[in-house]
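Bear in mind the structure is a predicted one, so any value in this text is a computation, not a measurement.
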Amino acid sequence: DGLVIEAKLVLGAVASQPLVIPEASALVGKPWRADATETLASIEEIAKAAGKAAKPVDNVDLPVAYRKRMAGVFAARALKELME
């Protein structure tokens, strides 16, 4: 009936190995629709957790703080795109 039965988010290129974001399990049992405010709020919380957990390797291209923030942004975008 449109409810999430399983959720897992794994990020690459933000740590020395693939990074599992356990907070993604908060989506289980929620409706998977773009108009579901509870689900959208959960996605924002998951995105914050992803940004906080990211540990990108320092390089000369972009600052670490920016890359951590963008890990959360991209996680939220990916989850919202899956709703479409």
Going by atom type alone, with no hydrogens or angles, which donor-acceptor pairs under 3.5 Å involve a side-chain atom of residues 36-55 and a protein atom two or more places apart or on another chain?
{"from": "Thr39", "atom 1": "OG1", "to": "Pro31", "atom 2": "O", "distance (Å)": "2.5"}
{"from": "Ser42", "atom 1": "OG", "to": "Glu38", "atom 2": "O", "distance (Å)": "3.2"}
{"from": "Glu44", "atom 1": "OE2", "to": "Lys80", "atom 2": "NZ", "distance (Å)": "2.7"}

Residue pairs passing the salt bridge (Lys or Arg N to Asp or Glu O under 4.0 Å) test where at least one lies in residues 63-72, sequence neighbours excluded: none
In one Ile/Leu/Val/Met/Phe/Trp/Tyr side-chain cluster, 4.5 Å: Leu62, Val73: yes
Can you give the donor-acceptor pairs under 3.5 Å from side chains of residues 6-30 to other protein atoms, not counting sequence neighbours?
{"from": "Ser25", "atom 1": "OG", "to": "Pro22", "atom 2": "O", "distance (Å)": "3.0"}
{"from": "Lys30", "atom 1": "NZ", "to": "Ala26", "atom 2": "O", "distance (Å)": "2.8"}

Other residues, nucleotides, ligands: >12 heavy atoms within 6.0 Å of Leu82 CG: yes
Connected hydrophobic set around Leu3, excluding itself, where side chains approach under 4.5 Å: none
ILVMFWY cluster, Leu79 and Val4 together (side-chain gap under 4.5 Å): yes
Arg33: salt bridge (Lys or Arg N to Asp or Glu O under 4.0 Å) partners, not counting sequence neighbours: Asp35
